[in-house]
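Following: one structure in structure tokens, then a few remarks.
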Amino acid sequence: MTEIEISPLNDDLSLRAHAVLPGGHFGNMASDVIIARGKEGRIWDNRGNEYVDFLLGSGPMFVGHAHPKVTEAVLNQVPNGTTFFANNVHGIKLAEEICAAVNCIEQIRFVSSGSEATLYAMRIARAYRERDKVLKFEGGYHGMSDYSLMSLAPKTLSNFPQAIPDSPGIPKKVSEEVIVAPFNDTDMFKTILEEHHEQLGAVIVEPFQRLIPPAPGFLEVLRDMTLKYDIPLIFDEIVTGFRFAYGGAQEFYSVTPDLCSLGKIIGGGFPLAAVGGRKDLMQLFDKDAVGDKHFLPQIGTLSGNPVASAAGLATLEILQPKSAYETVFDTGRVLMGELEAAMKDYGHSAVILGEPPLFDVFFTNNEISDYRGILKADTKKGSAFNKLLRSNQVFKGDSKFYVSLAHNEDDVNITVKAIREAARALNDI
Ligand SMILES: Cc1ncc(COP(=O)(O)O)c(C=O)c1O
């Protein structure tokens, strides 16, 4: 392994970041760690510290950092041009592969970020229905658009279905265009839909909301009720796409929406996301098919970028054998089991929430089935646990273990040791 170069400027980098970046960071992770390099399931910071990485770039690096096949695909394309604003071979092949893999996708459009993908998914649905309102679930994350930032993480809890904006700067009117329901509450969803279906353009949901699995039958009810009123159902699969199964959460849970958004894994670590779905809905992007009046413009300078598409295609190729998912699920299951055992052994009341490719520990006595359940967990203890993991060579985000195909036995052993040490040390705080 090559050594990390420790430049004399490195110690100043955090200070320099604070001078030029609001908050000293890019808006994602806090500024205290500067990542210099990643390989397989590990990353190194600019001081040369090595970590087992469960952040995975917030999920895209599902096959591990710098996978040789992804690197080769990228390096083959780069000298041949990096963007064209026109069709390219890799982008068309990637579109074909995704259409074949994901049940609801008959046609697809590429964009550069998940926020864009969900924005277009909601717009297609509203245009099709010729109604403005969107139903989303409290605590569901769909990126940073005005609609998506309704009741993502409300600090004051309102009565359903009132939407609460999560950011200043969003026009007040948008709150009136979003209807909010609690995740996993089938009866409440039915009541809200019966009352508001006339005004609804779309229902958007993370089929696995953040880390909360859907209750048995919940997604089926969303499907039945939206079909009953011909309201497009959007699955936001930015996280779950190609992660829970090759066909995403819609394959994993056997419920097919009308539209879905994809991101993260399909770009292989490059900026690429997509909206896809039923052909009659996607045809709204085709002026020749629907005419001027119904045509929905969709343009993005880097959409379908050839380097990102090449990386995405190479990533999907690695994931094609069923054994890839078996491996990830096996690794995740071991870690979830070890987390649970460590919590019990060291006397912490905790819930291990999620599925093997994506999970975390919440310090609470209560079962968690929605956003309000998450709020009851002890976040201070969660942060302290994450800090202790980091000082034991395990790197993760605030609220997720993302498992990769590249995490090997050594990574698991280091992580299990770190989990046990962190669980023990938590009692000393
Ligand atoms: C479910 C979901 N939707 C949308 C987004 C936004 O994607 P991006 O960060 O690429 O804009 C994310 C990002 O984490 C996400 O998890």
Side-chain angles (χ1 to χ4, degrees), residues 25-29 54-62 102 104 108-125 134-153 166-167 178 183 202-214 219 222 233-244 248-250 252-253 257 259-277 298 300-305 308-309 311-312 315 353-355 357-360 370-371 374 396-403:
H25 53 80
F26 303 144
N28 300 329
M29 285 291 276
F54 292 100
L55 181 58
L56 299 184
S58 191
M61 307 319 295
F62 189 52
V102 181
C104 85
I108 187 164
R109 268 288 167 87
F110 292 121
V111 289
S112 298
S113 75
S115 287
E116 260 184 285
T118 56
L119 175 152
Y120 282 115
M122 289 187 271
R123 188 175 293 161
I124 294 168
V134 171
L135 185 149
K136 80 176 284 284
F137 292 88
E138 189 179 53
Y141 183 45
H142 306 295
M144 285 284 129
S145 71
D146 289 349
Y147 272 68
S148 295
L149 276 177
M150 287 294 150
S151 297
L152 157 63
D166 281 293
S167 166
V178 178
F183 190 68
V203 170
I204 186 166
V205 65
E206 286 184 89
F208 168 87
Q209 185 175 291
R210 308 285 71 211
L211 287 165
I212 310 171
L219 295 177
L222 302 196
L233 175 64
I234 303 164
F235 274 9
D236 182 347
E237 293 231 41
I238 305 282
V239 166
T240 52
F242 291 91
R243 189 182 311 277
F244 278 25
Q250 51 197 278
F252 191 69
Y253 296 121
L259 290 164
C260 79
S261 52
L262 294 169
K264 303 204 189 261
I265 291 174
I266 63 165
F270 287 80
L272 187 143
V275 53
Q298 186 274 317
T301 300
L302 295 174
S303 296
N305 174 271
S309 299
T315 299
L353 191 65
E355 296 288 354
L358 181 56
F359 56 87
D360 209 349
D370 62 11
Y371 170 72
I374 298 260
K396 69 183 279 286
D398 289 342
S399 64
K400 279 185 190 115
F401 276 89
Y402 273 111
V403 177

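Please read all numbers here as calculations on a predicted model, not as lab measurements. All ligand and atom numbering here is 1-based and tracks the order in the structure.
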**Message:** Per the side chain to side chain donor-acceptor pair (under 3.5 Å) rule, what does the pair list look like for residues 262-274, sequence neighbours excluded?
**Reply:**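 Applying side chain to side chain donor-acceptor pair (under 3.5 Å) to every pair that reaches into residues 262-274, excluding sequence neighbours, yields Ser58-Lys264.
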**side chain to side chain donor-acceptor pair (under 3.5 Å) pairs, two or more places apart, involving residues 114-124** = none
**Request:** Could you tell me which residues satisfy side chain to side chain contact (heavy atoms under 4.5 Å, CB included) with Ala311, sequence neighbours excluded, listed by chain and number?
**Result:**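 Partners of Ala311 under the side chain to side chain contact (heavy atoms under 4.5 Å, CB included) test: Val70, Val74, Phe270.
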**Message:** Tell me if a side-chain donor or acceptor on Asp236 pairs with a main-chain N or O of Val205 at a distance below 3.5 Å.
**Reply:** no
**Prompt:** What residues come within 4.0 Å of ligand 1, counting heavy atoms only?
**Reply:**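 Residues within 4.0 Å of ligand 1: Ser113, Gly114, Ser115, Tyr141, His142, Gly143, Glu206, Arg210, Asp236, Ile238, Val239, Lys264.
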**Prompt:** Are the ring centres of Phe62 and Phe242 closer than 6.0 Å?
**Reply:**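 Ring-ring flag for Phe62/Phe242: false, centres at least 6.0 Å apart.
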**Request:** Classify the angle between the aromatic ring planes of Phe401 and Phe359 as parallel (below 30°), tilted (30 to 60°) or perpendicular (above 60°).
**Result:**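 If you compare the ring of Phe401 with that of Phe359, the planes turn out parallel.
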